[in-house]
Protein chains: 2
Amino acid sequence: MKKSAQPTINDVARLAGVSKKTVSRVINHSPLLNDDTRKRVLGVIDDLGYIPNPQARALALRRNFLIGLVHDNPTAQTVLSVQQGILETLRETEFELVIHPVNRGSPTMLDDIRRFLERQRLFGVMLMPPISENDELAALCDEIGCHYVRMGSAELDASEHMVASNDREAVRAATQYLIETGHRRIGLVLGPHGFRSARERRQGFEDAIAAAGIALPASLTADGNYTFESGLAAGDRLLDHLPRPTAIFASNDEMAAGVIHAARQRGLEVPRDLSVIGFDDNPIAAHIWPPLTTVRWPIAAMARSAALKLVGDATGQGNAAAEPAIFLSSLIRRASVAPPPKVD
Amino acid sequence: MKKSAQPTINDVARLAGVSKKTVSRVINHSPLLNDDTRKRVLGVIDDLGYIPNPQARALALRRNFLIGLVHDNPTAQTVLSVQQGILETLRETEFELVIHPVNRGSPTMLDDIRRFLERQRLFGVMLMPPISENDELAALCDEIGCHYVRMGSAELDASEHMVASNDREAVRAATQYLIETGHRRIGLVLGPHGFRSARERRQGFEDAIAAAGIALPASLTADGNYTFESGLAAGDRLLDHLPRPTAIFASNDEMAAGVIHAARQRGLEVPRDLSVIGFDDNPIAAHIWPPLTTVRWPIAAMARSAALKLVGDATGQGNAAAEPAIFLSSLIRRASVAPPPKVD
DNA sequence: TTGTAGGCGTTATCAT
DNA sequence: ATGATAACGCCTACAA
């Protein structure tokens, strides 16, 4: 009769003595179903080890059971944490994760993403910063009818379309900590132009400086782009400054590692001669020397929650609207901060 | 007539004045086709911006255009490099990448993977170490009829199913470099039990030691599991050894970073008091202090090639059999190695 | 509460 | 070389 291959909805229907549609109703948790028939069908499904074919469902529903992750290669660890967070939510569901890095800067980026979403008819996408900050992209998802959730460093969208961290306030607190420790000449390494996270962190820094009534020359602010190398260069520039800053806040951990490297290259010791704070708390932070004081960015938790916003309604795991939209970052104090040296 | 939605094969057929099947033949590069009709159809396809629906194809072909990446969370950077390598090959093709981490150790791991492969009817899977070393898993792929390529640290399978690096020889050369630099008391931090890569690297180390006619006590070998923490612990153990080793080879970079950390904690300076070599050349290697001498593992290139083995025949990008199966690792000399201290 | 007919967009079979 | 027809496995609309 049937092949030894996978059982289909027809096999289940025949053995259960019902129509395909009834089986379909069972699969889709239709409420209007006799309890007896449901139990009978479920029994057969179990016996047969039947699993609905996702491709057939996708064709009929005009929608896949795939979640896309679109990003523009921010730091490796960030991407990986987000993947892990999403997959934690997706585990035990019928959804799978398709990763799709793109090239911000490419003029065809939006077209590329559109093609990706339309072709694959994704159930939904997760947008990672910084491209998550692009409102055109969000509009595109809406137009195509693809669910989306944006991850960011500030509130960018309606609650069901966004999870955000409070970067500004977190950096303000971190900077205030430096000030309370006695620092007055504090350098700042910026994130890349155009990144919302970079802007938020800068503002947080400036909030704290202003609140303390400190005046800082513009030359104590250096550009960076979230890479180790840019942190190294920025550190060099800031440490050339006279009088030398006694502390530096770098807008992410990789750049902070670069700053420490720069300090060491010129014989300065951290934290004796220079205090450093980073942002992210990625694994490198705890593994460099000295262990880095940093702001812990709850990116994995954000990703988990974002994924739940996407699929929660469909899987019954939770209610998208009820998921929190704001995640708080907190300062992790390690060994890279000390009071400033007595004499300059 | 038709919706404003995506054009289908029917639209193309009608406008080109041919049957669906002919369009299908054009799409699939069927050789038996009149050049005129082909050109005409291609013209219409272009005009309409028609893109074949992957879900429908998947249903008809009983095979998806998805490549799976199955791994058991080795180091973050390794996973990410592999993803990038695969995606480089997949770019401009119709394939997408689905990531599927699993839990080695879980007794249901094989069942989980089977379910994943059967449900999604993947075109193929890439298997990352260490689970790529599992022959049962390869047999499972064969049984299901899912293409697969295994990545590993030694030749595990037929050439079309495998890309490998020459870890043993690479570590032998690295260790020989330590010996040539003057070291005789060299510690070894192992990778996890059961990992082929760990075994290969250990053998390479022992090859070099034996070739130099050195006798090393077993106490100069310490267990590790590829994490920073395990490297820290192993470093502590080895540095307790008297007389102290003057050099340590750690089976990956993260553990090497841990060893350096351990040395620093007891006031030893690298490389003045202790030389260290790692393996992988992941970004952390260049960013710690001192920059780490290490073996560069061409993992991204391996992944690119592995993906080509998987989809090359289908996309016409290349011939699976022609792709190389062995990738050579090479020693990257940085600042973490120096001659041993004069006095013990 | 359950079933029937038809369609989702593609490919395979077998003609012509 | 090309086309008609029937899958592929599921879902929606409409009946019953």
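Throughout, protein chains are lettered first and strands after them, A, B, ... in sequence-line order, and every chain is numbered starting at 1. We use all heavy atoms of the structure for the numbers below, so side chains are in, but hydrogens, waters and symmetry mates are not.
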Exercise for review: Send over the distance from Tyr50(A) OH to dG9(D) C1', rounded to a whole Å.
Suggested key: 7 Å
**Study point:** Angle of first-five versus last-five pair axes in the helix from dT1(C)-dA16(D) to dT16(C)-dA1(D), to 10 degrees
**Key:** 30°
Review point. Which part of the nucleic acid does Ile9(B) contact within heavy-atom distance under 4.0 Å: base, sugar-phosphate only, or nothing?
Key: base
Point to revise | DNA chain C: 5'-most and 3'-most nucleotides touching chain B, 4.0 angstrom heavy-atom criterion | key: dG9(C) to dA12(C)
**Study point:** Gln55(A) (side chain) donor-acceptor with Gln120(B) (main chain) under 3.5 angstrom
**Key:** yes
Check your understanding: Can you check the Phe65(A) CZ to dC11(D) C1' distance for me, whole Å?
Key -> 11 Å
Exercise for review: Using atom CG of Asn10(A) as one end and atom C1' of dA6(D) as the other, report the distance to the nearest whole Å.
Suggested key: 15 Å
Review point. Between Leu61(B) and Gly17(B), which is nearer to the 5' end of DNA chain D once each is assigned its nearest nucleotide?
Key: Gly17(B)
Check your understanding: Mind checking whether Phe123(B) and Phe95(B) have parallel, tilted or perpendicular rings, split at 30° and 60°?
Key -> perpendicular
Practice item. Run the numbers on Val102(A) and Phe116(A) for side-chain contact (heavy atoms from CB on, under 4.5 Å), then give the verdict. Key: CA-CA 11 Å; Val102(A) 297; Phe116(A) 172 58; over 6 Å; no
Practice item. Please examine the side chains of Met109(A) and Asn103(A), heavy atoms only from C-beta on, and report whether any two atoms are closer than 4.5 Å. Key: no
Check your understanding: What's the CZ-P distance between Arg119(B) and dC10(D), to the nearest Å?
Key -> 12 Å
Check your understanding: Within this structure, what is the CG-to-P distance between Leu59(A) and dA7(D), rounded to whole angstrom?
Key -> 17 Å
Practice item. Tell me which residues in residues 18-27 of chain A put a heavy atom below 4.0 Å from DNA chain C, sorted by number, or none. Key: Val18(A), Ser19(A), Lys21(A), Thr22(A), Arg25(A)
Check your understanding: Between atom CZ in Arg14(A) and atom P in dG9(D), what is the gap in whole Å?
Key -> 12 Å
For residues 133-145 of chain A, tabulate all N or O donor-acceptor pairs below 3.5 Å that involve a side-chain atom, not counting sequence neighbours.
residue	atom	partner	partner atom	Å
Glu133(A)	OE1	Arg196(A)	N	2.8
Glu133(A)	OE2	Arg196(A)	N	3.1
Asn134(A)	OD1	Glu136(A)	N	2.9
Asn134(A)	OD1	Leu137(A)	N	3.2
Asp135(A)	OD1	Arg150(A)	NH1	3.4
Asp135(A)	OD1	Arg150(A)	NH2	2.7
Glu143(A)	OE1	Arg114(A)	NH2	3.3
Glu143(A)	OE2	Arg114(A)	NH1	3.2
Glu143(A)	OE2	Arg114(A)	NH2	3.4

Check your understanding: So, is Arg62(B) close to the dA7(D) phosphate, meaning a side-chain N or O under 4.0 Å from OP1 or OP2?
Key -> no
Check your understanding: Nearest 0.5 Å, what's the CG-OG1 distance between Leu80(B) and Thr75(B)?
Key -> 10.0 Å
Exercise for review: Write down the distance between CZ (Arg40(B)) and P (dA1(D)), rounded to a whole number of angstrom.
Suggested key: 15 Å
Practice item. For residues 27-36 of chain B, pull every pair meeting salt bridge (Lys or Arg N to Asp or Glu O under 4.0 Å), keeping only residues two or more places apart or in separate chains. Key: Asp35(B)-Arg38(B)
Practice item. Flag the pair Asp11(B) and Arg14(B) as a salt bridge only when some basic side-chain nitrogen lies within less than 4.0 angstrom of an acidic carboxylate oxygen. Key: yes
Exercise for review: Under the salt bridge (Lys or Arg N to Asp or Glu O under 4.0 Å) rule, what do Arg57(B) and Glu94(B) come out as? Steps first, then yes or no, please.
Suggested key: CA-CA 12 Å; Arg57(B) 304 186 76 187; Glu94(B) 57 199 328; 2.8 Å; yes
Review point. Do Arg40(A) and Asn34(A) meet the criterion of a side-chain donor-acceptor pair at a distance under 3.5 Å?
Key: no
Residues 299-306 of chain B, side-chain donor-acceptor partners within the protein, below 3.5 Å, at least two apart:
residue	atom	partner	partner atom	Å
Arg304(B)	NE	Glu88(B)	OE1	2.9
Ser305(B)	OG	Glu323(B)	OE1	2.8

**Study point:** Closest listed nucleotide, where the reference is the side chain of Leu33(B) and the choices are dT12(D), dT2(D), dC10(D)
**Key:** dT2(D)
